[in-house]
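This report concerns only the one structure given below.
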Amino acid sequence: MPGLLSCPGSLTVICFLSWSLCLSGAQSWTNEVSDVQYGRLDSNVTLACGKSQINIPAVWHLNNSSALPWHQVTSNGSLVLLHVTLSAQGDYSCYDNRGLLLHAVKLRLGHPPGLLSISCRLPNHTYISCSWAESVNTSLAVQYNASFRGTGQEWQPCLMDTVHQNCYVDHPSFWQTIHTLRITATNVLGSETTFARFKLDKLLKPDPPESVLVKEVEGHPKKLNISWNFPFSWQRYDAFPLMFHIRYRPHGSLYWSEVYTEESQIVIFDALAGHLHQVQLRARDEVDSESQWSDWTHLLFARPWEDYVTSEPPEDNFLDNFFYTNTETETSTAKTHSPAPQDDGNLGLVILLVLFAVVIIATVLSLICVLWVRQRRREHVTKQELTSVVKMKSMPI
Ligand SMILES: *[C@@H]1O[C@H](CO)[C@@H](O)[C@H](O)[C@H]1NC(C)=O
Ligand SMILES: *[C@@H]1O[C@H](CO)[C@@H](O)[C@H](O)[C@H]1NC(C)=O
Ligand SMILES: *[C@@H]1O[C@H](CO)[C@@H](O)[C@H](O)[C@H]1NC(C)=O
Ligand SMILES: *[C@@H]1O[C@H](CO)[C@@H](O)[C@H](O)[C@H]1NC(C)=O
């Protein structure tokens, strides 16, 4: 008995039984209380009052209350709920005019499934995963059954992960041209089958390269060393080579420089010395030109090697290698911008100095001018004196 009580299932059953007994007044309880009836939302739903034909007037309750949604009661005691909404769900019970319970039923409402919108991805040649979304909110539990085949092949199951509405196929026959995925969605009100057709090589899209590192090359202010790993989901890199597309630019520039390679490491030689650079990578199947490029990796930031001893204050040394997250970039741009107001101050000082020099030069020039004029005048006077002396000398005495 203790074992029975500790089991949540048995507890639920016991609770349910006692609740049902209370409901029926422990008098005329029947097994029918556990009946569940399903109905479509926005339609008319008919609830019959027991199995037998009764011609006495029946009284209906919802959740033990006589308040019912919009309805009619037919001559045989059936309850017709008109244009039902979700609020009409609940436990209905039907009594005869002496208060005797005749029938109880639980009503659940919803929609049958609609078509699904399906999308599939292929991170490598041997794995397809597809996910889907419902076009109709059915408000009832839906079961899915998915299968997959290449043209002219047998259907094989697409293995389910029902929680995430996702299924996958291991080792599809990649070289078949057209593939079909078939998903049947079923609930108590109906079922709907959706087909999706696609070409696997057009769906092939690797995951982005991983563990990307951008480092300075010591002694080389224009070089950057970029290295990365194949995506984890692309394990057969010996059989299926990937092409990598690398792009980089000085931080703030509009134009990318681009490099394509099959290696997983390159050194670029034309970095802009002393500048922070942005670097990004993506990958694609090297052979299959119909396949897709992966998404780009996150932006990485790095600065080429600099001779800090002569050019930079030592506290900037921590910027020399590794990459930065965006927030760190903000701080480094803030740093490069901060000397700007200081430059403005210097410019003002220079203008003041020039003005001052001009004033001094003007003053000196006008002084020289005044002195020169005065000198000329004095010379003129002595000349006049001289001529008058000469005149006087030449005068006959
Ligand atoms: C529901 O019942 C009402 C009243 O009997 C009727 O006018 C209406 O057309 C019915 N609606 C549907 C969808 O059957
Ligand atoms: C009746 O009870 C159900 C739960 O059992 C609830 O979802 C529903 O809203 C209730 N209906 C009314 C009209 O109280
Ligand atoms: C899914 O569909 C396949 C093929 O129609 C069928 O053989 C299989 O029994 C179905 N599975 C379920 C769980 O309905
Ligand atoms: C293909 O991708 C799937 C999913 O990421 C992975 O589990 C599987 O190991 C990959 N297979 C190969 C050969 O890389």
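The shown structure was predicted, so the numbers you read here are calculated from the model rather than taken from an experiment. Residues: numbered from 1 along the sequence shown. All ligand and atom numbering here is 1-based and tracks the order in the structure.
Between Phe240 and Trp234, the ring-plane angle classifies as perpendicular under the 30° and 60° cut-offs. Using cut-offs of 30° and 60° for the angle between ring planes, the Phe198 and His179 rings count as parallel. Ring planes of Tyr260 and Trp293: tilted class, angle from 30 to 60°.
Between Tyr144 and Trp132, a ring centre-to-centre spacing shorter than 6.0 Å is recorded.
For ligand 1, the polar-atom distance check against Ser43 finds no nitrogen or oxygen pair separated by under 3.5 Å.
Proximity of Val80 to ligand 1, defined as any heavy-atom pair under 4.0 Å, is not found for any part of the residue.
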Subject >> Residues Lys199, Ile178; criterion side chain to side chain contact (heavy atoms under 4.5 Å, CB included); working and verdict >> reply: CA-CA 5 Å; Lys199 285 181 84 175; Ile178 306 282; 3.9 Å; yes
Original post:
What's the verdict on salt bridge (charged side-chain N to carboxylate O under 4.0 Å, His left out) for Glu216 and Arg303, showing C-alpha distance, side-chain angles and the deciding distance?
Top reply: CA-CA 7 Å; Glu216 64 170 24; Arg303 197 184 282 274; over 6 Å; no
Can you pull every nitrogen or oxygen pair between ligand 4 and the protein closer than 3.5 angstrom?
residue: ligand 4; atom: 2 (O); partner: Asn124; partner atom: ND2; Å: 2.4
residue: ligand 4; atom: 11 (N); partner: Asn124; partner atom: ND2; Å: 2.9
residue: ligand 4; atom: 14 (O); partner: Asn124; partner atom: ND2; Å: 3.3
residue: ligand 4; atom: 14 (O); partner: Ser233; partner atom: O; Å: 3.0
residue: ligand 4; atom: 14 (O); partner: Gln235; partner atom: N; Å: 2.9

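Here is the list of ligand 2 atoms found below 4.0 Å of a heavy atom in Gln89: 1 (C), 8 (C), 10 (C), 11 (N). Less than 4.0 angstrom separates some heavy atom of Asn44 from each of these atoms of ligand 1: 1 (C), 2 (O), 3 (C), 8 (C), 10 (C), 11 (N), 12 (C), 14 (O). Of all atoms in ligand 2, listed by their number and element, those nearer than 4.0 Å to a heavy atom of Leu62 are 13 (C).
For the pair Asp285 and Lys205, the salt-bridge criterion is not met [side-chain N within less than 4.0 Å of a carboxylate O].
Other residues, nucleotides and ligands contribute over 12 non-hydrogen atoms within 6.0 Å of the CD atom of Glu258.
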